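In what follows, chains are A, B, ... by sequence order, proteins preceding strands, each numbered from 1. Not measured: the values here are computed from a predicted model.
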Amino acid sequence: MSAFEPVYAIVRTIPPGRVMTYGQIAKGLERPLSPKAVGWAMSQCPDDVPWHRVVDAKGTCSRDRADPSGRQTQRRRLEREGVAFDAKGRLDLEALRFHPPRG
DNA sequence: CCATTGACGAAGA
DNA sequence: TTCTTCGCCAATG
């Protein structure tokens with residue numbers, strides 16, 4: 001099993017149509033990591049994690065280097081949940097950012 | 001152990 | 001607003 005389960009646990013709490021950023025997750029952890037570490041964790045997340053609900057701090061989709069198609073997949077999945085993107089391919093973080101309970 | 005890479009973030013120009 | 005630079009933690013060679 002992965003040592004990043006706390007990261008996956010948080011991502012799994014994000015409801016459909018909502019998003020979180022890598023940095024937000026990183027700081028929200030009981031034992032905080034760097035946003036890069038969270039990105040690495042997500043790169044090998046299990047299949048039951050809604051990875052598409054995690055975007056960068058600018059509200060844009062990620063992964064355009066490893067798998068160019070993945071970026072489209074993420075956007076498609078989010079749009080399917082009702083998330084709207086602007087002309088620059090960004091979403092409204094202030095409105096869509098999910099704030100998980102800390103307990 | 002050192003250097004490079006990776007689904008990032010904030011600050012400076 | 002876009003691009004560059006540095007910092008960050010973990011994995012890989």
Reported OG1-to-CH2 distance for the pair Thr73(A) and Trp51(A), which is rounded to 0.5 angstrom: 5.5 Å

For Phe98(A), does the six-membered ring have the charged nitrogen or CZ of Arg53(A) within the cation-pi criterion, i.e. under 6.0 angstrom from the centroid and within 45° of the normal? no

Under 3.5 Å, N/O pairs linking protein and nucleotides 10-13 of chain C:
unit_1, atom_1, unit_2, atom_2, d
dA10(C), OP1, Arg31(A), NH2, 3.0

Drop me the distance from Arg80(A)'s CZ to His52(A)'s NE2, to the nearest 0.5 angstrom. 10.5 Å

Here the pair of heavy atoms bringing Asp56(A) nearest to Ser62(A) is N-OG, 4.4 Å

Give the rounded distance in Å between these two atoms: CD of Gln44(A) and P of dC9(C). 18 Å

Gap between atoms CD1 and C1', on Ile14(A) and dA7(B) respectively (whole Å): 13 Å

Rounded to whole angstrom units, what separation is found between the NZ atom of Lys36(A) and the P atom of dC8(B)? 6 Å

Nearest 0.5 angstrom please: Leu91(A) CG to Glu79(A) CD, how far? 10.0 Å

Would you list the protein and nucleotides 9-13 of chain B atom pairs, both N or O, that sit under 3.5 Å from each other?
unit_1, atom_1, unit_2, atom_2, d
dG9(B), OP1, Gly23(A), N, 3.2
dG9(B), OP1, Ala57(A), N, 3.2
dG9(B), OP2, Ala57(A), N, 2.6

With a 4.5 Å cut-off on side-chain heavy-atom distances among I, L, V, M, F, W and Y, is there a chain of contacts connecting Leu33(A) to Val11(A)? yes

Gln74(A) (side chain) donor-acceptor with Val54(A) (main chain) under 3.5 angstrom: yes

Measure from CZ on Arg97(A) to C1' on dC8(B) and round the result to the nearest Å. 13 Å

With a 4.5 Å cut-off on side-chain heavy-atom distances among I, L, V, M, F, W and Y, is there a chain of contacts connecting Phe4(A) to Ile14(A)? yes

